[in-house]
Number of protein chains: 2
Amino acid sequence: MPSMPSTPSMPSSGRVTSGLAALAALLADETRARFCLALLDGRAWTAGELARHAGVAPSTASAHIDRLVEGGLLTAERQGRHRYVRLADAQVAHLIEDLAAQAAPEHGRPDRPRTLRAASAAGALARGRTCYDHLAGRLGITVTEAMTERGLLRQDTGFALTDAGLRWFADLGAPLAPSGRRPLARGCLDWTERRPHLAGLAGAALCRHALETGWCVRIGSTRAVQVTPEGERALAELLGLPATALR
Amino acid sequence: MPSMPSTPSMPSSGRVTSGLAALAALLADETRARFCLALLDGRAWTAGELARHAGVAPSTASAHIDRLVEGGLLTAERQGRHRYVRLADAQVAHLIEDLAAQAAPEHGRPDRPRTLRAASAAGALARGRTCYDHLAGRLGITVTEAMTERGLLRQDTGFALTDAGLRWFADLGAPLAPSGRRPLARGCLDWTERRPHLAGLAGAALCRHALETGWCVRIGSTRAVQVTPEGERALAELLGLPATALR
DNA sequence: CCCACGTTGCGGTCGCGACCGAAGAGTCCG
DNA sequence: CGGACTCTTCGGTCGCGACCGCAACGTGGG
């Protein structure tokens, strides 16, 4: 009830305020937050998978998914008896990344793994992974830094591809065209490396190209990726990266 | 209790998840959201001002401020019997901007003002305002676009100053030096214009310079700003902006 | 065709947190 | 040194929402 600002303030402040609060409320629940972070791998999960992942009853998960879809964070698609769910778009993914980065400045001790299995999984993720639709982890950072050093990417005065960078992508067979409202290049703060890696249309194109041409492959069905021998050769040739930098 | 992911997933997933949920919970309350949006003007408010602004009791506001400070979104500073409160840093400001932008895609009809006074205030804000520590509104967009056209700023492949842009700032008497983790230039989506304006260190330097040299002045004690005749002359000379573009 | 499984809808329970008012601590001023 | 002001602390109330179990629905496989 006390939703009336007693001071005349920002116009449309009411709508923006309640919109902001409503959006934040979607992520304010631990279970929904877990859903969104899981979906940050860019793939589609079924409702049941998400329920098991978060450790809640299927009915609970279903209700949460409804709210997230309603709020525009997720999109759902029915296929047979499954309901596949994914993040709505790159903007949402980027928003959640930013929030997670802000929420986890605990970069001192990244939660020591308890088991050998967990340790090796953590290592694989730190080495290389996908972040929504682009590359992250040491792999993502290494590639981004190499592109910067080679003058393909400019990070000192912002974050943008250079003309040489545009040509590089074209030569690669993955020409970039401005599309919609998504920027060609943007920095995405890496969780494990605490430095920005390449995101945006260029990051997505590079990741897609790397997976399609076999430069890297997914490990199992996780978001972790591994560079292949061909990938090492290609990156050495195109970016001057020594093979050892990618292991 | 169901905090165990039944699927082995992201390492440190627990911590990140609860951190994300806790951070979002801070903004999930309408009153706290109103506080943060008010503080987006970049200035320090007293606890009482925020309480009146949001229409809650002082005791309620005090508790909210505690939580926001505890969560790292705000910093507080006691001065006499007042407690001045501001956003913690530019990163927090940017995060809230992004969230607000995502939360308010209602760009069809921006909440028609009810009174003449409100209409003129809304008009002034749309013409020019500060957004945390840089310029926004039509003023911010116009300047940003002019800088882009003049080759000082590159937006087609990302968002970065050019070398000419660096020189432009140096000639202005506001040389830019990379500092800490804040980027020199970054795009900040404008609420009213739906296009990015210049933020980051360069945006802050430009705004500071504009206010110090009298290119623009604040209207009353709001975040709205107005271009002065000197400002028109300077911007015409430095960016080729016709005076009519700024009214 | 029926059974198993993934998914959804419906009560019902329970705990967290947003709110206020009143009283207390600290500060500035006459 | 007392009064006006700002802010904080403390109890106590109340409503929202996260959760589960159970039952129903639909799909796909045997």
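Quick note on labels: first sequence line is chain A, next is B, and so on, each numbered from 1.
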Participant: Hey, does the side chain of A/R86 reach the backbone of A/T75 with a donor-acceptor pair shorter than 3.5 angstrom?
Facilitator: no
Participant: Could you tell me whether a side-chain N or O of B/D190 sits under 3.5 Å from a main-chain N or O of B/R195, the two making a donor and an acceptor?
Facilitator: no
Participant: Just how far, in rounded Å, is P of D/dC7 from CZ of B/F35?
Facilitator: 11 Å
Participant: Examine C/dT7: is either OP1 or OP2 under 4.0 Å from a nitrogen or oxygen in the side chain of A/H82? Give yes or no.
Facilitator: yes
Participant: D/dA18 phosphate, OP1 or OP2: any side-chain N/O from A/T31 under 4.0 angstrom?
Facilitator: no
Participant: Say whether, by atom type as modelled, one donor and one acceptor occur between the side chain of B/R223 and the main chain of B/T130 under 3.5 angstrom.
Facilitator: yes
Participant: Counting distance only, does the side-chain N/O of B/R34 pair as donor-acceptor with the main-chain N or O of B/E30 below 3.5 Å?
Facilitator: no
Participant: Rounding to an integer number of Å, can you tell me how far B/Q79 CD sits from D/dT6 C1'?
Facilitator: 14 Å
Participant: For DNA chain C, just give me the dot-bracket, please: Watson-Crick or G-U, both distances below 3.5 Å, ( ) intra-strand, [ ] crossing earlier pairs, | paired with another strand, . unpaired.
Facilitator: |||||||||||||||||||||||||||..|
Participant: Just the rounded figure in Å: distance from C1' of C/dA18 to CZ of B/R34.
Facilitator: 15 Å
Participant: For A/E230, I'd like to know if atom CD has over 12 heavy atoms of other residues, nucleotides or ligands within 6.0 Å.
Facilitator: yes
Participant: Does any N or O in the side chain of B/T46 come within less than 3.5 Å of the main-chain N or O of B/H82, such that one atom is a donor and the other an acceptor?
Facilitator: no
Participant: Could you give the CZ-to-C1' distance, from B/R78 to C/dT27, as a whole number of Å?
Facilitator: 11 Å
Participant: Do any N or O atoms from the side chain of B/T144 and from the backbone of B/L198 form a donor-acceptor pair under 3.5 angstrom?
Facilitator: yes
Participant: What is the distance from OH of B/Y84 to P of D/dT6, rounded to the nearest Å?
Facilitator: 11 Å
Participant: Near DNA chain D, under 4.0 Å by heavy atom, which residues of residues 38-45 of chain B?
Facilitator: none
Participant: Give a yes/no on whether any side-chain N or O of B/R83 is located under 4.0 angstrom from OP1 or OP2 of D/dT6.
Facilitator: no
Participant: Taking the inter-plane angle between the rings of A/H197 and A/H134 on a 0 to 90° scale, is it parallel (under 30°), tilted (30 to 60°) or perpendicular (over 60°)?
Facilitator: tilted
Participant: Out of D/dA18, D/dC20, C/dG6, which has the shortest distance to the side chain of A/V56?
Facilitator: D/dC20
Participant: Counting only N and O atoms by type, is there a donor-acceptor contact under 3.5 Å from the side chain of B/T228 to the main-chain atoms of B/W215?
Facilitator: yes
Participant: Could you state the atom-to-atom distance from CD of A/E77 to C1' of D/dT27 in whole Å?
Facilitator: 16 Å
Participant: Does B/R81 put a side-chain nitrogen or oxygen below 4.0 Å from OP1 or OP2 of C/dA25?
Facilitator: no
Participant: Between A/L68 (CG) and D/dA18 (P), how many Å, whole number?
Facilitator: 10 Å
Participant: Could you tell me whether a side-chain N or O of A/R32 sits under 3.5 Å from a main-chain N or O of A/A25, the two making a donor and an acceptor?
Facilitator: yes
Participant: Quick one, which residues of residues 59-67 of chain A touch DNA chain C with a heavy atom under 4.0 Å?
Facilitator: A/S59, A/S62, A/D66
Participant: Over how many whole Å does the gap from B/D29 atom CG to C/dC16 atom C1' extend?
Facilitator: 13 Å
